[in-house]
Amino acid sequence: LGLSLVGAVLMTGFINRPLQRLSFAASQMREGQFTTTHLDEKAATREIREVNIDFNRLADRLAKIEQERALMLAGISHDLRTPLARLRLETELSVSDIATRDLMAADIAQLDEIIDKFLDYARPEPTDMGPVPLSGAISRSIGPWRNNPNFDIQVDVAEDLQIKAEPVELVRVLSNLLENARRYGQSPSDGMTRVEIVARVHEGWILLRVRDHGPGVPDEILKNLTQPFFRGDTARTSATGSGLGLAIVKHNTELYGGTVLVESELGKGATFTVTLPARSLMRL
C-alpha cells in the first residue's frame, strides 16, 4: 500500500507538471503571446511529447499569421494613402471654387481618418507596457481641441496617478472617447459640447469616467455602441466615420484586463466608464 501511494504521487506529479506548463502556454497564447513559451519537445512520455510538438507548431503558425497580417495592414495603409495624398494635392491645385475645394478636402480627410480607424482596430496588442501618467495622457488627448470654442472639457484627475499601459494606445483610447463626445455629445440647447473627465480609485480599481451632456442614447441601442461598425445614427446627429472608435476603446481596454461600461439617459448625455484592474494601478 505504501509503495502504491508513493507511485501514485510520483505519477501524479509526472503528469501534472506538463499539464501545468501546457495550461500556462495556452493562457499566454490567449493573450496573443505566441512566441514567449516553448514546450519541451523531448518529453519522456510519447503522448505529452506529441501534444507539445503540435502546440509549438500551432503557436509558430499563429505567430506567422500575425506577422503577415501586420505586413498586409502596412501595405494597405501605404497603397490607400498614396493616391489620397495625390488626390488632396490635385484638389487644392485644380479646384478654383473655395467652398467646393474645402468640401472635397474634408471628404479626403475623412477617408484618411477611416483608414486610421481600420488599422487601429486590427493592430496587434501593445507590447511597450510601462507606467504612464494618466493626467499627461489626458492632456495629450485634449490637445487638438484646446482652441475649439464649442468644446468645453473639464478634467478632475490626480497628478500622481499612473497606469501601466502603452502610452500611444492609452492616448488613442482617450482621444476616441473625446471624438465620440465631440460628434454626438452636443447640447441640444446651444450646440456646445461639454465633457467631464474624472478619475477615481475605488477598492483597488481605477475608474475613469468621460461624460458628455448631449441628447443621450436610447436603451435599445446602448449595448451595441462598442460593437465594430455600429453607429447610433438614430440616437445622435452628425454621425460620420467608420463606426470603430468605441470598438477600439473596448478592444484596447480589454487588452489591459479592464472593462468599458456605457450608461446614458435621454436628454442628459452619456457616460463611458473605463475600469482598470488593481495590477494596473501605480503611484508616483
Side-chain angles (χ1 to χ4, degrees), residues 27-28 30-36 66 70 73-74 77 113 116-148 151-183 185 193 195-212 225-226 228 242 244-263 270-284:
S27 66
Q28 292 291 99
R30 184 179 65 247
E31 299 296 330
Q33 304 293 333
F34 303 119
T35 60
T36 57
E66 189 63 35
L73 289 173
S77 174
E113 181 183 349
D116 278 337
K117 295 297 184 184
F118 284 137
L119 296 178
D120 288 344
Y121 187 73
R123 182 179 287 111
E125 66 177 277
T127 56
D128 185 19
M129 302 280 285
V132 181
L134 183 56
S135 60
I138 293 173
S139 180
R140 289 193 295 274
S141 65
I142 291 175
W145 296 291
R146 288 190 186 278
N147 299 321
N148 189 333
F151 203 177
D152 179 41
I153 304 174
Q154 301 294 324
V155 179
D156 182 9
V157 177
E159 292 289 336
D160 64 342
L161 192 61
Q162 291 195 352
I163 293 178
K164 186 179 180 182
E166 202 282 326
V168 175
E169 298 299 329
L170 180 59
V171 172
R172 183 172 287 113
V173 166
L174 296 167
S175 297
N176 285 349
L177 289 173
L178 290 174
E179 176 64 19
N180 179 78
R182 185 192 68 82
R183 289 179 183 273
T193 301
V195 177
E196 300 166 5
I197 303 177
V198 179
R200 294 288 184 267
V201 179
H202 178 68
E203 296 181 355
W205 294 76
I206 295 177
L207 278 67
L208 175 64
R209 293 189 178 94
V210 179
R211 179 188 178 189
D212 65 58
L225 286 183
T226 56
S242 62
L244 281 174
L246 295 180
I248 292 171
V249 171
K250 180 181 178 183
H251 175 71
N252 288 356
T253 301
E254 289 179 348
L255 289 180
Y256 303 136
T259 60
V260 178
L261 175 65
V262 187
E263 301 171 292
T271 301
F272 293 83
T273 303
V274 177
T275 303
L276 296 172
R279 64 181 178 84
S280 296
L281 178 61
M282 300 182 65
R283 288 281 184 174
L284 285 171

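As the structure is a prediction and not an experimental result, all values here were calculated from the model. Residue numbers count from 1 along this sequence.
How far OG1 of T193 is from CD1 of I153: 9.0 Å, rounded to the nearest 0.5 Å. Atom CZ of F272 is separated from atom CG of L174 by 13.0 Å, given to the nearest 0.5 angstrom. Remark: I197 CD1 to Q154 CD distance equals 9.5 Å, nearest 0.5 Å. Atoms CZ and CG, from R182 and N180 in turn, are 10.0 Å apart once rounded to the nearest 0.5 Å. Distance check, rounded to the nearest 0.5 Å: OG1 of T275 to CG of L208 gives 9.0 Å. With rounding to the nearest 0.5 Å, the separation of CG in L225 from CG in L246 is 6.0 Å.
Take R209 and apply the salt bridge (charged side-chain N to carboxylate O under 4.0 Å, His left out) test, not counting sequence neighbours, and it matches no residue. Scored by the side chain to side chain contact (heavy atoms under 4.5 Å, CB included) test, N147 finds no partners at all (sequence neighbours excluded). Every residue was checked against the side-chain hydrogen bond (donor to acceptor under 3.5 Å, both in side chains) condition with R211, not counting sequence neighbours, and none meets it. With sequence neighbours left out, the side chain to side chain contact (heavy atoms under 4.5 Å, CB included) criterion links T253 to V173, V249, V260, V274, L276. In this structure N148 satisfies the side-chain hydrogen bond (donor to acceptor under 3.5 Å, both in side chains) test with no other residue, sequence neighbours excluded.
Contact check for V262 versus T226: side-chain heavy atoms found under the 4.5 Å cut-off. Between E263 and T273 there is a side-chain heavy-atom pair separated by less than 4.5 Å. Within the 4.5 Å cutoff, the side chain of V201 has heavy atoms near those of the L161 side chain.
Between the D212 side chain and the V195 main chain, no donor and acceptor come within less than 3.5 Å of each other.
Electrostatic pairing of D156 and R200 counts as a salt bridge here, judged by a charged N lying under 4.0 Å from a carboxylate O.
Scanning all heavy atoms of the two residues, the minimum distance from L178 to W145 falls at CB-CZ3, 3.6 Å.
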Distance-only criterion, 3.5 Å: show the donor-acceptor pairs between side-chain atoms of residues 135-142 and protein atoms not counting sequence neighbours.
from	atom 1	to	atom 2	distance (Å)
S135	OG	E159	OE1	3.3
S139	OG	R146	NH2	2.7
S141	OG	A137	O	3.4
S141	OG	I138	O	2.7

